[in-house]
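Indexing begins at 1, ligand by ligand and atom by atom, following the structure's order. Computation of the quantities below employed the complete heavy-atom set of this structure, encompassing side-chain atoms and omitting hydrogens, waters and symmetry-equivalent molecules.
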Amino acid sequence: MSTSPDCDVIVWGLGGMGSAAAWRLAAAGARVIGLDQFGPAHDRGSSHGETRIIRKAYFEHPDYVPLLTRAYELWRGLEQGLASPLFHEVGLFLAGPPESVAIRGTVAAAQEHSLPLERLTAAAARTRFPGFQFDDGFEVVWERQAGYLEVERCVLAQLEQARNHGADLRFQTPLLAWHEDDWGVTVETRQGRLRSRSLVVCAGPWSRDLVPGLEVRRKPVFWFPAPEALTLRQGAGTFFFDLPEGQFYGFPSRNGGGCDPATFKLAEHTGGDLVDDLLGVDRSQHPADLEKIRGFLRRHIPGAGLEPTAHGVCLYTLTADHHFLVDRHPDFSRVVVGAGFSGHGFKFTPVIGQALADLALRGGTSLPIGFLAWQRPGRTIPDFR
Ligand SMILES: Cc1cc2nc3c(=O)[nH]c(=O)nc-3n(C[C@H](O)[C@H](O)[C@H](O)COP(=O)(O)OP(=O)(O)OC[C@H]3O[C@@H](n4cnc5c(N)ncnc54)[C@H](O)[C@@H]3O)c2cc1C
């Protein structure tokens with residue numbers, strides 16, 4: 001068999017992570033072929049729905065903060081030359097009981113990394129964030145360096161950078177099968193066979209075929225009529241509530257004015273039905289999902305309309321500990337995996353893309369991703385089941 005490769009690296013999946021990996025690989029001079037089963041910035045996986053929160057004081061674990069510092073730099077670099085920013089630094093408040101995971105974790109990460117964070121009582125927050133209702137005893141923390149990313153535009157910008165650096169990006173091209181041999185990796189598509197030195201897997205929910213223990217959940221997202229206080233023109237930012245009944249987050253209204261009614265996006269971070277058939281996900285609006293989100297609205301955003309103006313469904317791919325998996329595959333030396341981004345990965349895409357590129361091209365990275373390894377202290381991926 002010929003040993004002449006078609007490229008250095010094949011990127012499997014060109015959503016959030018794959019678009020970034022293709023960009024960082026091509027920018028490093030690698031010959032890249034990227035494959036996706038759907039079109040650019042499609043709405044069948046995990047990287048759609050207008051917006052994603054970005055924040056630095058990371059309650060999930062302080063070890064994410066150095067990665068976020070690099071991600072912030074890469075996002076700012078990526079948006080240079082674009083007509084409008086990708087990253088809107090409008091701030092974020094998190095609210096909940098002081099002992100809640102989000103409040104405790106945000107404060108701890110800010111302290112460990114000397115990040116600016118304001119701490120407010122419920123009474124102070126009521127004045128500061130009109131439009132929201134905070135229970136007595138809540139603590140509210142405000143991170144001004146946080147905000148939101150325009151998710152589809154980010155994916156498209158990463159794809160464009162990849163192309164500008166010479167990557168060959170092929171859409172409507174499912175990867176049907178692959179195998180590794182001593183020489184490299186061979187991938188099958190309907191258009192034929194491709195050979196490369198290595199394979200970077202960024203298949204999102206579809207990664208669960210390769211990574212045991214991943215769980216995919218259906219996540220409904222709603223848009224509701226916004227009170228004036230939740231509009232960008234009133235200085236509203238993003239928000240996250242950690243409540244005993246669940247974690248809820250949302251974005252300021254980005255439209256409104258003129259004839260447009262102002263609407264804002266709201267969703268629950270916790271919960272979600274398990275998904276078996278990834279291509280047959282039920283994308284209809286479920287009454288139970290709507291009732292739960294309305295319960296949150298009535299209590300915490302009383303001026304909002306209760307009839308959704310739009311609804312969507314997105315997929316979370318969760319590891320058991322909800323931390324990402326970014327590593328070489330333990331059984332295939334030429335395969336690198338970025339998976340299990342557990343509903344909080346988008347803000348990291350450029351830096352994870354860089355880490356995946358380093359792993360594929362050099363076998364290692366100087367980025368601090370040890371805590372995201374396939375085998376972590378006291379835990380291996382099979383234990384996630
Ligand atoms: C509702 C929702 C809200 C979220 N909110 C936030 C947030 O506020 N902040 C944040 O940081 N993160 C957030 N996230 C998480 C973040 O969006 C995801 O972690 C991230 O988008 C995952 O990207 P991915 O590349 O792993 O998956 P995807 O973007 O889904 O990409 C996987 C790609 O692989 C392709 N693929 C799979 N199999 C094949 C195949 N055989 N052949 C070819 N192509 C294939 C798919 O078509 C797809 O394009 C949220 C996620 C959801 C669903």
Side-chain angles (χ1 to χ4, degrees), residues 10-22 33-56 58 60 64 67-68 71 75 87 92 146-149 151-152 154-155 158-159 169-178 187-190 199-211 214 216-222 238-240 247 249-251 265-269 271-272 275 278-279 281 311-319 322 324-326 337-353 356:
I10 291 174
V11 179
W12 169 1
L14 294 171
M17 296 299 165
S19 59
I33 296 178
L35 304 175
D36 203 287
Q37 61 191 338
F38 302 125
H42 65 86
D43 63 1
R44 309 284 295 275
S46 306
S47 303
H48 60 278
E50 294 185 358
T51 45
R52 290 291 183 271
I53 290 177
I54 176 165
R55 56 196 159 86
K56 247 190 204 172
Y58 218 63
E60 289 85 347
Y64 284 101
L67 294 175
L68 284 161
W75 285 123
F87 173 12
L92 164 79
Y148 68 88
L149 296 159
V151 56
E152 287 91 349
C154 290
V155 174
Q158 294 185 144
L159 292 174
L169 305 181
R170 304 183 186 183
F171 293 93
Q172 316 298 344
T173 308
L175 179 151
L176 302 175
W178 65 277
V187 155
E188 306 287 345
T189 71
R190 281 194 207 109
L199 175 67
V200 172
V201 183
C202 295
W206 289 265
S207 309
R208 78 179 172 186
D209 297 340
L210 185 68
V211 181
L214 294 181
V216 178
R217 287 193 180 265
R218 174 187 174 279
K219 305 299 293 189
V221 179
F222 295 88
T238 49
F239 55 92
F240 188 103
Q247 295 175 325
Y249 65 93
F251 299 80
K265 178 175 147 187
L266 180 68
E268 182 183 352
H269 182 50
V275 176
L278 295 176
L279 292 177
V281 181
H311 166 263
V313 165
C314 189
L315 301 174
Y316 275 13
T317 308
L318 299 148
T319 60
H322 293 194
F324 314 154
L325 167 61
V326 184
V337 180
F341 292 101
S342 299
H344 61 110
F346 195 83
K347 61 185 82 59
F348 294 88
T349 53
V351 70
I352 297 296
L356 294 168

May I ask you to list the atoms of ligand 1 that are less than 4.0 angstrom from any heavy atom of G45?
-> 30 (O)

For ligand 1, which atoms have a heavy atom of I53 less than 4.0 angstrom away?
-> 7 (C), 8 (O), 9 (N), 10 (C), 11 (O)

Numbered in order shown, the ligand 1 atoms found under 4.0 Å of a heavy atom of P174 are 42 (N), 43 (C)

For atom 5 (N) of ligand 1, what is the nearest protein heavy atom, given as residue, atom name and distance?
-> R52 CD, 3.3 Å

Consider every N or O of G13 and every N or O of ligand 1, then say whether any pair is closer than 3.5 Å.
-> no

For atom 47 (O) of ligand 1, what's the nearest protein heavy atom and its distance?
-> D36 OD1, 2.7 Å

Quick check: does V221 get an N/O under 3.5 Å from an N/O on ligand 1?
-> no

Would you mind listing which atoms of ligand 1 come within a distance below 4.0 Å of any non-hydrogen atom of G16?
-> 25 (O), 29 (O)

Atoms in ligand 1 flagged as close to L315, the criterion being non-hydrogen separation under 4.0 Å = 53 (C)

Closer than 4.0 angstrom: is that true for some heavy atom of W12 and an atom of ligand 1?
-> yes

So, is K219 polar-close to ligand 1, with some N/O to N/O distance under 3.5 Å?
-> no

State the atoms of ligand 1, each with its element, that fall below the 4.0 Å cut-off from a heavy-atom position in G15.
-> 25 (O), 29 (O), 31 (O), 33 (C), 49 (O)

among protein heavy atoms, the one nearest atom 2 (C) of ligand 1 is Y316 CE1, 3.5 Å

For ligand 1, indicate whether the residue L35 contacts it via side chain, backbone, both or neither (heavy-atom separation under 4.0 Å).
-> backbone

Among the heavy atoms of P205, does any lie under 4.0 Å from an atom of ligand 1?
-> yes

Consider every N or O of H42 and every N or O of ligand 1, then say whether any pair is closer than 3.5 Å.
-> yes

Give yes or no for whether the N/O distance cutoff of 3.5 Å, strictly under, is met between W206 and ligand 1.
-> no

For K347, atoms of ligand 1 separated by under 4.0 Å from a heavy atom = 9 (N), 10 (C), 11 (O)

Side chain, backbone, both or neither: the part of M17 lying under 4.0 Å from ligand 1 by heavy atom = both

pair I54-F346: side-chain heavy atoms closer than 4.5 Å | no

For S342, is at least one N or O under 3.5 Å away from an N or O on ligand 1?
-> no

